[in-house]
Amino acid sequence: STKGCSRTCTRMADATIAAGVEKMTVSEPGAAAAAPKETAKGGAKAPAPAPALSPEELAEIERKYSLVRGVGEECISEAELRNLLTKKPTFRLYDGFEPSGRMHIAQGVFKAMNVNKCTQAGGTFVFWVADWFALMNDKMGGDLSKIQVVGQYLIEVWKAAGMDLSKVEFEWCAEAITKNAGAYWTQALDIARVFNITRIKKCCQIMGRLEGTLTAAQILYPLMQCTDIFFLKADICQLGVDQRKVNMLAREYCDAVKIKLKPIILSHHMLLGLGKGQEKMSKSDPNSAIFMEDTPEEVERKIMQAYCPNAPAAPAASAEAEVEDAGKESMHLVADDLMNPCLDYVHYIIFSPPGATFTAGGTTFSSYEEVRDAFLSGKLSENDLKVGLAAAVNALIQPVREHFVKDERAKQIFEQVKEFKKDTAPPPKILRRLQAPGLPEGVPVHAVFAPWASPQTPLSVVLGLIAQLAAAPAGSTPVLWLPDWASFSLNCLGGDAKAIACAYSLLVLELKALAPELMETVRVIWQKEAILENPSDYWVSVINVGRSFQLQDVRAVDEANEAVGQVLSSLMHVGDVLALSPTTIGCSPGQVALHNLALGYYSKAEITTLPLPTVCPVPCDELCLGGLEAPPSADDFLLLSDSAQDTGKKLKKAFCEPGNVAHCPPLSVANAVVFARGGSVNVARKEENGGDKAYTTLDELRADYAEGRLHPADLKPALTKAVEEFLTPIRALFKTKEAKDADAKLKAVLKKMTKK
């Protein structure tokens with residue numbers, strides 16, 4: 001039976017190694033590949049032991065450890081932190097923020113205190129200013145210059161809040177990623193190829209989303225945040241407990257790819273929201289938090305109205321308890337059945353600096369425990385606690401207020417930000433996309449997308465691509481798109497980028513050998529190379545696609561594939577279609593679902609500035625030589641890298657039951673390879689067996705075979721000769737150094753994958 005040629009690689013996967021797609025996924029913490037054991041070889045000398053530290057050095061390390069460890073509610077791991085402080089006095093910590101226009105007290109005062117502790121211990125604190133993400137999320141009307149002004153405003157807030165900026169670096173995401181797009185996105189794709197969907201969904205607490213309502217883009221955010229850690233060369237991830245799961249993802253990635261030194265996770269406490277049952281403060285609820293620009297009166301009002309119990313609240317009803325954000329159970333690692341935000345502020349804000357005191361109800365307290373005990377015992381009333389807290393918070397914020405009055409630069413920035421907030425008009429709808437380079441302007445594009453990279457090229461796949469490219473309407477430019485980065489994200493060829501490049505280079509050479517005149521008209525575009533022409537617009541388009549689809553909609557394209565790369569490569573495919581803006585798409589039947597996803601985005605995004613492409617499936621037989629009962633083996637597919645001897649052996653063993661034309665692979669091969677190209681199958685036999693006969697049509701060949709006038713023993717040699725004649729240019733190609741080197745690389749990778 002005739003099937004889409006895109007299934008050929010999938011069917012070969014059952015016989016070899018998933019057509020080069022090696023499933024290397026980490027689904028659970030601890031499930032990653034173990035790090036390689038270190039053994040001494042060849043009698044090598046063991047390294048000399050480190051010199052013993054003096055008492056003064058030990059005391060200094062303990063001082064640094066106490067400062068840094070005091071920042072986190074949890075540290076993974078404390079032993080690694082001590083080792084880092086011992087061996088690397090100038091370490092790097094990282095946190096990130098999106099310039100959205102407002103900063104609450106946890107991000108302002110609390111963060112400033114924590115940063116100072118870390119830098120006093122010798123660390124350099126790196127802030128990842130996520131202006132690119134703010135742009136993507138339409139903050140400040142999608143105006144990057146305005147977003148960057150807001151970022152400068154937040155830096156001024158930290159300066160005024162007492163953050164020592166002498167050992168603080170601010171890395172602006174948009175600029176850094178654009179300048180280093182190749183390194184950043186290669187790292188992101190490498191992380192994607194290692195994990196499966198189930199593991200990544202557990203990270204989605206960073207967006208505060210229910211797992212069942214995720215958009216496809218929300219699968220990408222954890223991958224990118226994990227990438228940030230390695231891109232910034234962070235030794236310590238110093239973020240909130242709510243980011244713990246994605247930070248742990250980075251450690252699991254290190255296990256998977258055998259990176260010995262993992263980032264240390266130092267997770268600070270998440271301040272409670274001021275309302276009852278609020279697990280954390282929210283910028284969307286102004287009454288849930290104190291903001292750095294709040295007036296003294298606003299601070300007093302919010303704190304006096306805050307939830308302030310002196311006994312644990314009754315458990316929530318079971319129906320309500322079922323509706324929880326993904327991972328909400330880990331928002332706070334220290335048990336607190338009271339959940340009193342006023343005491344939380346006293347504990348983590350007021351008493352954060354060394355030697356701090358707190359005055360309330362006429363009493364000065366020197367520790368948080370004293371305040372809590374006095375409040376729970378009734379010695380300190382709720383009103384007195386709140387009055388004292390409001391006064392203490394206002395004292396912390398007052399320098400910030402004064403800074404934006406007295407400092408001319410800060411004042412100017414603040415005025416700009418206030419003007420931005422007045423502009424409530426929705427941002428204009430702009431279709432951001434890559435425009436594929438090198439295409440003639442005004443000429444329709446007929447796009448063909450090569451299948452994912454494979455270590456071996458089945459003959460049927462090349463024949464299918466030739467047919468798809470040849471289907472280009474008159475007057476259009478046929479384009480062959482090589483998805484090398486998407487293949488990398490799918491872990492094709494074990495994630496070997498050089499092998500993927502070899503596979504596609506060889507594929508193009510094979511196409512040129514078999515269809516030279518056609519390929520003269522084809523524009524070949526490498527995905528990675530095109531993306532790097534304008535990475536910002538490309539990835540914005542990909543993430544916008546992801547925001548438009550529920551995760552299950554993208555998973556439906558290839559639901560059996562549990563790898564994160566399935567989601568990422570599907571979204572990238574839509575971005576690729578947008579980049580080419582084709583009027584027609586030639587494809588195998590197996591690619592239709594992927595192209596329909598792209599068409600669905602045209603509808604969801606209401607795209608009217610680009611032509612809606614027409615998808616044109618081109619039927620192609622997968623040319624499996626085996627029978628129907630047994631699963632296919634490696635010998636059931638003709639490969640372009642086969643020698644003439646290998647091809648002959650495979651055709652000789654092909655299923656070919658006398659008189660059976662319902663399933664006769666040699667007839668399919670004759671039709672696809674010989675008759676479709678105007679050739680003939682020339683049978684040579686003795687006169688008593690029917691004599692020589694040349695077949696030029698499938699109908700004629702099928703009729704003689706069905707009636708028994710042509711025996712398998714006569715058909716197979718004649719077909720083998722005809723196939724060899726067709727493959728003559730391929731035989732010449734594989735004698736060239738370029739093809740031989742590529743083939744050798746791919747065979748080495750396949751051998752390595754087969755051993756795993």
Side-chain angles (χ1 to χ4, degrees), residues 68-76 93-98 100 102-115 117-118 125 127-128 130 154 158 161 202-210 221-222 225 236-249 264-292 302-303 306-309 312-313 316 321 323-353 368 372 389 393 396:
V68 177
R69 181 62 186 88
V71 167
E73 193 166 79
E74 178 188 58
C75 177
I76 302 174
L93 310 95
Y94 123 91
D95 193 357
F97 69 95
E98 181 180 311
S100 59
R102 305 198 79 186
M103 181 184 281
H104 52 57
I105 194 170
Q107 191 180 7
V109 173
F110 187 40
K111 193 67 196 181
M113 293 174 176
N114 285 340
V115 167
K117 290 177 183 178
C118 295
F125 210 104
F127 278 104
W128 186 236
L154 300 181
W158 276 321
K202 292 182 178 180
C203 296
C204 291
Q205 180 186 350
I206 64 174
M207 284 85 66
R209 301 287 183 172
L210 295 169
Y221 295 146
Q225 186 169 325
I236 300 175
C237 301
Q238 205 294 281
L239 296 88
V241 168
D242 61 335
Q243 313 292 306
R244 178 181 183 273
K245 290 187 177 181
V246 73
N247 289 331
M248 287 301 297
L249 189 76
I264 295 163
I265 313 304
L266 190 65
S267 305
H268 64 245
H269 175 76
M270 299 297 296
L271 281 178
L272 296 170
L274 295 175
K276 181 179 179 180
Q278 292 181 330
E279 291 275 344
K280 65 175 184 176
M281 296 179 291
S282 171
K283 293 178 184 178
S284 61
D285 179 3
N287 290 316
S288 72
I290 303 299
F291 290 91
M292 299 302 290
K302 290 181 181 181
I303 290 179
Y307 178 61
C308 191
V323 184
E324 290 194 7
D325 282 351
K328 188 175 179 179
E329 73 281 353
S330 63
M331 189 70 73
H332 295 92
L333 301 179
V334 176
D336 180 8
D337 57 356
L338 198 60
M339 299 292 283
N340 184 321
C342 295
L343 290 177
D344 208 44
Y345 270 46
V346 171
H347 188 183
Y348 292 99
I349 298 291
I350 307 307
F351 279 106
S352 182
Y368 163 71
R372 179 185 170 92
L389 179 58
V393 169
L396 289 171

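In this chain, numbering begins with 1 at the start of the sequence shown. Source: prediction; values computed, not measured.
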Using the side chain to side chain contact (heavy atoms under 4.5 Å, CB included) rule, take Lys302 and Phe291 through it: C-alpha gap first, then chi angles, then the decisive distance, then the call.
-> CA-CA 10 Å; Lys302 290 181 181 181; Phe291 290 91; 3.5 Å; yes

Test side chain to side chain contact (heavy atoms under 4.5 Å, CB included) on Val246 and Tyr221 and set out the steps.
-> CA-CA 9 Å; Val246 73; Tyr221 295 146; over 6 Å; no

Please report the C-alpha distance between Glu74 and Arg244 in whole Å, then the side-chain angles of each, then the deciding distance to 0.1 Å, and finally whether the side chain to side chain contact (heavy atoms under 4.5 Å, CB included) criterion is met.
-> CA-CA 9 Å; Glu74 178 188 58; Arg244 178 181 183 273; 2.5 Å; yes

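By the 4.5 Å heavy-atom criterion applied to side chains, Met292 and Val109 are counted as neighbours. Within the 4.5 Å cutoff, the side chain of Val71 has heavy atoms near those of the Gln238 side chain. Met113 is listed as a side-chain neighbour of Pro353, based on a closest heavy-atom distance under 4.5 Å. Glu73 is not listed as a side-chain neighbour of Ser267, based on a closest heavy-atom distance of 4.5 Å or more. When side chains are defined from C-beta on, Phe125 counts as touching Lys111, because their heavy atoms get closer than 4.5 Å. Contact check for Tyr307 versus Leu272: no side-chain heavy atoms found under the 4.5 Å cut-off. Residues Trp128 and Asp95 form no side-chain contact, since every pair of their non-hydrogen atoms from C-beta on lies 4.5 Å or further apart. Ile290 places a side-chain heavy atom less than 4.5 Å from the side chain of Leu274.
In this structure, Ile350 CD1 and Leu396 CG are separated by 5.0 Å, a value rounded to the nearest 0.5 Å. Between atom CD of residue Gln243 and atom SG of residue Cys237 there is a gap of 10.5 Å, rounded to the nearest 0.5 Å. We find the SG-CE distance between Cys308 and Met339 to be 13.5 Å, quoted to the nearest 0.5 Å. One finds the CZ atom of Arg69 at 6.5 Å from the CG atom of Leu266 (value rounded to the nearest 0.5 Å). Ile349 CD1 to Leu271 CG: the interatomic distance, rounded to the nearest 0.5 Å, is 4.5 Å. Residue Ile236 holds its CD1 atom at 13.0 Å from CD1 of Ile76, rounded to the nearest 0.5 Å.
Heavy atoms only, all atoms of each residue included: Cys118 and Leu93 are closest at SG-CD2, 3.5 Å. The minimum heavy-atom distance between Cys342 and Ala306, with the atom names listed, is SG-CB, 3.9 Å. Between Ala130 and Glu98, the closest heavy-atom pair is O-CG, 3.9 Å. Across all their heavy atoms, Leu249 and Pro222 have their closest contact at CD2-O, 4.3 Å.
Here Trp158 pairs with Phe97, Phe127 under the ring pair (Phe, Tyr, Trp, His ring centres under 6.0 Å) rule; sequence neighbours left out. Applying the side-chain hydrogen bond (donor to acceptor under 3.5 Å, both in side chains) criterion to Asn114, with sequence neighbours excluded, gives no partner residue.
If you run ring pair (Phe, Tyr, Trp, His ring centres under 6.0 Å) between Phe110 and each of His269, His268, His347, only His268 comes through.
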